[in-house]
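Here is the structure we will look at, set down as structure tokens.
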Amino acid sequence: MKYDVFSLIPQVFSGYLGCSILNKAIENGLISVTDEPPYGGGGGMVMKPDPVFAAVESVVGTPPECPVILLTPQGRIFTQQDAQKFAEYPRLALICGRYEGFDERIREHLVTDEISIGDYVLTGGELPALILIDAISRNLNGVLGDPDGAFDDSHASYLLEYPHYTRPPVFRGWEVPEVLLSGNHAKINEWRRQQSLLRTAWRRPDLLQKAELSPKDIRFLRDQGIGPEPD
Ligand code: ADE
């Protein structure tokens, strides 16, 4: 995966990308991130179209041959499903805004996707771009140590992940659930699925509505006095 990032302050990227698990992915050639030279923001408070078009088109072609993603609080909210979808492309362009915003023609004629990372306003799109790079890269083969790592993630199937425990079996009197010490993998998997269902039902009932539930899942939830409502 090649990420082309367009930013007025490209130096913010090297710190995070140099230290996180992504550094290994960069060293192994699984991803590459290029900071494009700053495009002129001009004196005004709105980013002008000509330097933005010129910078993006000079790097990714005219018309651009990859998704061109604008990071903006006006975009659609980024989800795990977006991360999985974007991971299928060999290349992505990410445009980070500063100032008040962009000339509208950038939105209308240059970008293919407008993405927000949440309903709050940051000083620029650099942190959102790093969040996209991180969330997308975890879905690429070889980036995570465990090949199934991204498969089990919270949100991968609209379910939050089950709780994790490690040694010691008793810490300050708090015990690891017995089933996890049993060595019975069928039972452990069943417990994890049930915990995942319960967690999602309690914390994010909105997600549970979208999850693919088996008849067994539905029976379990009903036994706990939890929906989902029958269709
Ligand atoms: N730029 C400023 N705030 C943002 C947000 N919430 N998401 C994406 N880009 C942004």
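The analysis underlying the following values was restricted to heavy atoms, covering all of them including side chains, and did not include hydrogens, waters or symmetry mates. Counting convention: from 1, in listed order, for ligands and their atoms alike.
In this view, Asp103 and Arg105 satisfy the side-chain hydrogen bond (donor to acceptor under 3.5 Å, both in side chains) rule, not counting sequence neighbours.
Within the structure, every pair that satisfies the salt bridge (charged side-chain N to carboxylate O under 4.0 Å, His left out) test and touches residues 51-74, not counting sequence neighbours, is listed here: Glu65-Arg91.
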Quiz item: Could you go step by step and tell me if Gln80 and Asn139 meet the side chain to side chain contact (heavy atoms under 4.5 Å, CB included) rule?
Solution: CA-CA 10 Å; Gln80 183 68 14; Asn139 292 286; 3.9 Å; yes
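Residues near Val121 contribute nothing to a hydrophobic cluster around it, because no ILVMFWY side-chain heavy atom sits closer than 4.5 Å to its side chain.
Between Phe13 and Ala129, the shortest heavy-atom distance links the atoms CE2-CB, 4.0 Å.
Between Lys24 and Glu27 no salt bridge is recorded (no basic side-chain N to carboxylate O distance below 4.0 Å).
Sorted by chain and number, the heavy-atom contacts of ligand 1 below 4.0 Å come from Leu71, Thr72, Pro73, Ile115, Ser116, Ile117, Gly118, Tyr120, Val121, Leu122, Gly124, Pro128.
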